[in-house]
Participant: 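Handing you a structure now.
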Amino acid sequence: MDKKDHSSPLNFIQQIITADIEAGKNQGQIITRFPPEPNGFLHIGHAKSICINFGLANQYGGKTYLRFDDTNPSKESKEYTDSIIDSVKWLGFGWENRLRHASDYFDQLYEFAVQLIKRNKAYVCSLKPEEIKAQRGTLKEPGVNSPYRDRSVTENLELFEEMKLGKHENGAHVLRVKIDMASPNINMRDPVIYRILKVSHHRTGDKWGIYPLYDFTHCLSDAIEGITHSLCSLEFADHRPLYDWVLDNTDSPCHPQQIEFSRLALHYTVTSKRKLNELVDTGLVNGWDDPRMPTLMGMRRRGYTPSAIREFCDRIGVTKKENYIEMSALETCVREDLDQKSPRVMAVLQPLKVIIENFPDKDEEMDAPFHPYNDIFGSRKLPFTKELYIEQDDFMEDPPKKFFRLKPGGEVRLRYGYIIKCEAVIRDPQTGEIVTLKCSYDPETRSGTGTSIKKVKGTIHWVSASHAIDAEVRLYDRLFTVANPTGNKEGKDFKEFLNPESMKILKNCKLEKSLIEAKSEEPFQFERQGYFCVDRNDSKPDHLIFNRTVTLRDSWAKIEKANRQQKK
RNA sequence: UGGGCCGUGGCCAAGCGGUAAGGCAACGGGUUUUGAUCCCGUCAUUCCCAGGUUCGAUCCCUGGCGGCCCAGCCA
């Protein structure tokens, strides 16, 4: 994958790894893992973690495991596992034969638990969940020991065995580790490591009625795989002492080093599986892969590219500081990538009929390259005809200053075509709506002939009315109306800030005919408008649907906005 | 004095005791048959604050202040 430029500074994890390699730690090996729980789709925040874990291994000649942390069957499913696999692959990373599940280790994990019991470091606690909670103490007060803390090793062994055999009901007992109920770190107050959960697991079926918890599973899974650097987000820093304790008190094969970094937060969206799940469940978006979602599958459908996302992850850096990244950082990466990769085509989203009255009835063909600076894209012929469509926004009856497009009596260049002049505006007598523009063209101004002395300030896109194909186009905007939908002081629910205009569907769009062959995953630039792609789910050959990935940078919009504010 | 983590421009982020990289954004200008792209320029006398150590501190020490995380049989 993209190796870091040697001149770019190392982030703090790279510094640790570099030092470890120099010190000969782990025989100079680097083994990382990406450990998602299969309880939702991966989002842009996960992309950061994926890029860090796989990226670091790539960079230092190491290896990365994709490991599903599937210890809570009540929330997890194969559907999610599959989507995660797709997402990581799509992002551009591979794991060869290193796909694992924590559930692969259930037998070994059970043995490690038995080992802790035998060492008198774990006990079966028969308190009710509320009692455990009550006895855990608070942030400021220590907890109290469980009355079951001193059960004999034999009794613990028997009970744990019975739990495994399904002889007890959900919640009747748990296995706890014996550390310190007075620890200032609540995670160390005899945390639960196994609970009874009579739920069938999407991989192990009904084999188990007890499932290990994260703190016990994760460190040992890391150790079993020989992970050297176990990278996770900041909220797990408090769990590190427990991570180390479990490894220190079992015969674990090795002792990986846990390092925490801050997770990614993005303006105008949410990066929490719980909240995204809520949006999906309540039908506020159309599924996990809705193009407005910050999920990798949503971004893919929207037209974001893996390389743009990787570049973004690279630019935002890796630190322990809370960060809140502006959308523009991501969108710039998408635009930079798409600018190079996209053929330019013409598409009129909100058509306005233009009739060129002095144009002959015979069609002409205009040469139009597909890319402004890369010849490899080639070119196509565009039919130029008497009747065509232009964008409604490209005509104004009473335009403000610096409006370089069409206006009554004004001239504009039709891209790759002729310069036309607006002679008359035809309205619907009923509604007063402008329906047609009567124009004339200047035959001396044919594109590419170089004969034209005439210079005109504006160039607009167009499509021949008789040759255009119809399509639906979906315009997407930010999902929320505020930068931080979860951080408002009034304590409002984040869903109250959903942007009602996050999706705008245009049904009557007119596209140049070359687009008939567009395939999903192929980016296009609709000139002067933005980057678009075929919707991979909904588009059909007889009903084309395009998604707007991102607009072009629009300095006219800024001028307009400034004008509007000046008027106020 | 519960514990942990963190404070460098609007948003990220280098910096590791020798006098504030880079990216995004913003703002000016140039090229342009996409108001795109591209190019050029501007943008922290100062690093949360206050003391201290030092010839010298964003970096070290002390004390404040501010933010985030933790009381699931979730991960």
Side-chain angles (χ1 to χ4, degrees), chain A residues 7-11 15 35-37 39 69 71-72 74-76 125 127-129 132-134 136-143 170-171 173-176 183-189 191-197 210-211 213-215 217-218 232-241 260 262 267 273-274 312 314-333 335-336 339-340 344 346 372-373 402-405 413-417 419 445 447-448 452 455-461 483 525-530 551-560:
Chain A
S7 61
S8 71
L10 300 180
N11 67 49
Q15 292 181 20
E37 181 188 12
N39 67 342
D69 221 333
T71 59
N72 187 0
S74 56
K75 288 187 179 171
E76 299 155 5
C125 180
L127 251 22
K128 290 186 169 58
I132 290 185
K133 182 180 168 128
R136 186 152 31 223
T138 67
L139 294 177
K140 293 186 179 176
E141 303 152 35
N170 286 347
H173 310 282
V174 291
L175 186 67
R176 291 227 254 169
S183 172
N185 181 345
I186 293 181
N187 294 303
M188 300 297 270
R189 321 238 260 230
V192 174
I193 59 167
Y194 264 94
R195 82 289 220 181
I196 299 171
L197 219 54
I210 56 173
Y211 294 94
L213 279 97
Y214 168 84
D215 285 306
T217 309
H218 199 84
C232 60
S233 44
L234 245 33
E235 66 269 29
F236 291 101
D238 286 341
H239 294 247
R240 186 165 11 101
E260 310 87 18
S262 53
H267 280 349
K273 263 198 255 179
R274 208 212 89 229
F312 169 70
D314 206 46
R315 288 186 191 182
I316 57 175
V318 182
T319 66
K320 299 182 78 135
K321 199 176 98 171
E322 301 296 331
N323 59 82
Y324 207 33
I325 313 284
E326 292 173 344
M327 262 300 180
S328 59
L330 211 206
E331 289 181 339
T332 295
C333 292
R335 290 192 184 106
E336 281 179 13
D339 174 55
Q340 296 180 46
R344 316 287 134 124
M346 295 212 276
Y373 61 86
K402 290 193 184 170
F403 182 81
F404 304 148
R405 287 112 94 156
R413 162 138 244 139
L414 292 178
R415 173 140 242 229
Y416 303 126
I419 289 175
T445 59
S447 178
S452 173
K455 282 267 184 283
V456 105
K457 192 81 176 162
T459 299
I460 63 174
H461 59 278
Q525 185 196 101
F526 289 2
E527 293 214 36
R528 304 204 309 128
Q529 309 196 82
T551 61
L552 253 30
R553 203 175 256 115
D554 186 358
S555 48
W556 168 244
K558 276 184 206 168
I559 296 171
E560 266 188 315

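Proteins come first, then strands; the chains are lettered A, B, ... in the order of their sequence lines, and each starts at number 1. The basis for the numbers below is simple: all heavy atoms, side chains too, and nothing from hydrogens, waters or symmetry mates.
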Participant: Give the rounded distance in Å between these two atoms: NZ of A:Lys75 and P of B:rG72.
Facilitator: 13 Å
Participant: Which nucleotides of nucleotides 9-14 of chain B have their base under 4.0 Å from a protein heavy atom (B), which only their sugar-phosphate (S), and which neither (-), written as one string 5' to 3'?
Facilitator: -BSSSS
Participant: Is there a donor-acceptor pair under 3.5 Å between the side chain of A:Ser233 and the backbone N or O of A:Glu235?
Facilitator: no
Participant: Specify the separation, in whole Å, of atom CE of A:Met188 and atom P of B:rG4.
Facilitator: 13 Å
Participant: What's A:Val192 touching, base or sugar-phosphate or nothing? Going by heavy atoms closer than 4.0 Å.
Facilitator: sugar-phosphate
Participant: Looking only at atom C1', what distance separates B:rC27 and B:rC65, rounded to whole Å?
Facilitator: 34 Å
Participant: Looking across every strand, which nucleic acid part, if any, lies under 4.0 Å from A:Leu213 by heavy atom: base, sugar-phosphate, or nothing?
Facilitator: sugar-phosphate
Participant: Can you check the distance between B:rC43 and B:rA20, where both ends of the measurement are the P atom (answer in whole Å)?
Facilitator: 14 Å
Participant: May I have the step-by-step check of side-chain contact (heavy atoms from CB on, under 4.5 Å) for A:Val192 and A:Leu175, ending in yes or no?
Facilitator: CA-CA 6 Å; A:Val192 174; A:Leu175 186 67; over 6 Å; no
Participant: Output all residues satisfying ring-ring contact (aromatic ring centres under 6.0 Å, His included) with A:His218, sequence neighbours left out; order by chain, then residue number.
Facilitator: A:Tyr214
Participant: What's the gap between B:rG35 and B:rA44 when it is taken at their C1' atoms, as a whole Å value?
Facilitator: 32 Å
Participant: Heavy atoms only, 4.0 Å cut-off, all strands: where does A:Asp238 land among base, sugar-phosphate and nothing?
Facilitator: base
Participant: At a cut-off of 3.5 Å, list every protein nitrogen or oxygen paired with a nitrogen or oxygen from nucleotides 46-48 of chain B, distance to 0.1 Å.
Facilitator:
none

Participant: Give one of base, sugar-phosphate or nothing for A:His218, where a contact means two heavy atoms less than 4.0 Å apart.
Facilitator: nothing
Participant: Does the side chain of A:Ile193 come within less than 4.5 Å of A:Asp215's, by heavy atoms?
Facilitator: no
Participant: Closer than 4.0 Å, any side-chain N/O of A:Lys133 to the OP1 or OP2 of B:rG72?
Facilitator: yes
Participant: Touch check for A:Thr71, heavy atoms < 4.0 angstrom, all strands: base, sugar-phosphate only, or nothing?
Facilitator: sugar-phosphate
Participant: Given side chains that start at C-beta, do those of A:Ile132 and A:Val174 come closer than 4.5 Å, heavy atoms only?
Facilitator: yes
Participant: From CG of A:Leu330 over to C1' of B:rG23, roughly how many Å is that when rounded to an integer?
Facilitator: 14 Å
Participant: How many angstroms lie between atom CG of A:Leu213 and atom CZ of A:Arg176, to the nearest 0.5 angstrom?
Facilitator: 12.0 Å
Participant: Using whole Å, report how far CD1 of A:Ile186 lies from P of B:rC5.
Facilitator: 16 Å
Participant: How far, in whole Å, is B:rC69 from B:rC12 if one measures between their P atoms?
Facilitator: 15 Å
Participant: Using the salt bridge (charged side-chain N to carboxylate O under 4.0 Å, His left out) criterion, which residues pair with A:Arg344? Sequence neighbours excluded.
Facilitator: A:Asp339
Participant: Determine, for nucleotides 26-38 of chain B in 5'-to-3' order, which nucleotides have protein heavy atoms under 4.0 Å from the base (write B), from only the sugar-phosphate (write S), or from neither (write -).
Facilitator: SS-----BBBSS-
Participant: For B:rA50 and B:rU58, measure between their C1' atoms and round to the nearest Å.
Facilitator: 16 Å
Participant: Residues in salt bridge (charged side-chain N to carboxylate O under 4.0 Å, His left out) with A:Glu336, at least two apart?
Facilitator: A:Arg315
Participant: For a quick test of reading the model: is some side-chain N or O of A:Arg195 closer than 4.0 Å to OP1 or OP2 of B:rC74?
Facilitator: yes
Participant: If we take the C1' atom in both B:rA71 and B:rG66, what is their distance in whole Å?
Facilitator: 24 Å
Participant: Return one dot-bracket line describing RNA chain B 5' to 3' (Watson-Crick or G-U wobble pairs, both distances under 3.5 Å; ( ) same strand, [ ] crossing, | another strand, . none).
Facilitator: .(((((((.[[[..)..(...]]].(((((.......))))).....[[[[[..)....]]]]])))))).....
Participant: What's the separation between atom CD1 in A:Ile316 and atom CG in A:Asn11, rounded to the nearest 0.5 Å?
Facilitator: 11.0 Å
Participant: Whole-Å distance between B:rG72 C1' and A:Tyr211 OH?
Facilitator: 18 Å
Participant: To the nearest Å, give me how far apart CG (A:Leu139) and C1' (B:rG2) are.
Facilitator: 7 Å
Participant: B:rC70 C1' sits how many Å from A:His239 NE2, rounded?
Facilitator: 7 Å
Participant: Give one of base, sugar-phosphate or nothing for A:Ile193, where a contact means two heavy atoms less than 4.0 Å apart.
Facilitator: nothing
Participant: Sequence neighbours excluded, which residues qualify as ring-ring contact (aromatic ring centres under 6.0 Å, His included) partners of A:Phe312?
Facilitator: none
Participant: State which residues pass ring-ring contact (aromatic ring centres under 6.0 Å, His included) with A:Tyr211; sequence neighbours excluded, sorted by chain then number.
Facilitator: A:Phe106, A:His201
Participant: A:Arg136: what forms a salt bridge (charged side-chain N to carboxylate O under 4.0 Å, His left out) with it, not counting sequence neighbours?
Facilitator: none
Participant: In whole Å, measure the gap between the C1' atoms of B:rU45 and B:rU8 for me.
Facilitator: 15 Å
Participant: What is the distance, to the nearest angstrom, from the CZ atom on A:Arg136 to the C1' atom on B:rG3?
Facilitator: 15 Å
Participant: With heavy atoms under 4.0 Å as the rule, sort A:Thr138 into base, sugar-phosphate or nothing.
Facilitator: base
Participant: Could you check B:rG67 for me: syn (within 90° of 0) or anti?
Facilitator: anti
Participant: List the residues meeting side-chain hydrogen bond (donor to acceptor under 3.5 Å, both in side chains) with A:Glu37, not counting sequence neighbours, and say none if there are none.
Facilitator: A:Asn39
Participant: Can any side-chain N or O of A:Asn323 pair as donor or acceptor with the backbone N or O of A:Ile325 at less than 3.5 Å?
Facilitator: no
Participant: For side-chain contact (heavy atoms from CB on, under 4.5 Å), just list the numbers for A:Gln525 and A:Leu552, CA-CA rounded to whole Å, side-chain angles, deciding distance to a tenth of an Å, and then say yes or no.
Facilitator: CA-CA 9 Å; A:Gln525 185 196 101; A:Leu552 253 30; 3.8 Å; yes
Participant: Going by salt bridge (charged side-chain N to carboxylate O under 4.0 Å, His left out), name the residues that satisfy it together with A:Glu322, two or more places apart in sequence or in a different chain.
Facilitator: none
Participant: B:rC69, B:rC24, B:rC74: which one has an atom nearest the side-chain heavy atoms of A:Glu235?
Facilitator: B:rC69
Participant: For nucleotides B:rG15 and B:rG7, find the distance between their C1' atoms and express it as a whole number of Å.
Facilitator: 15 Å
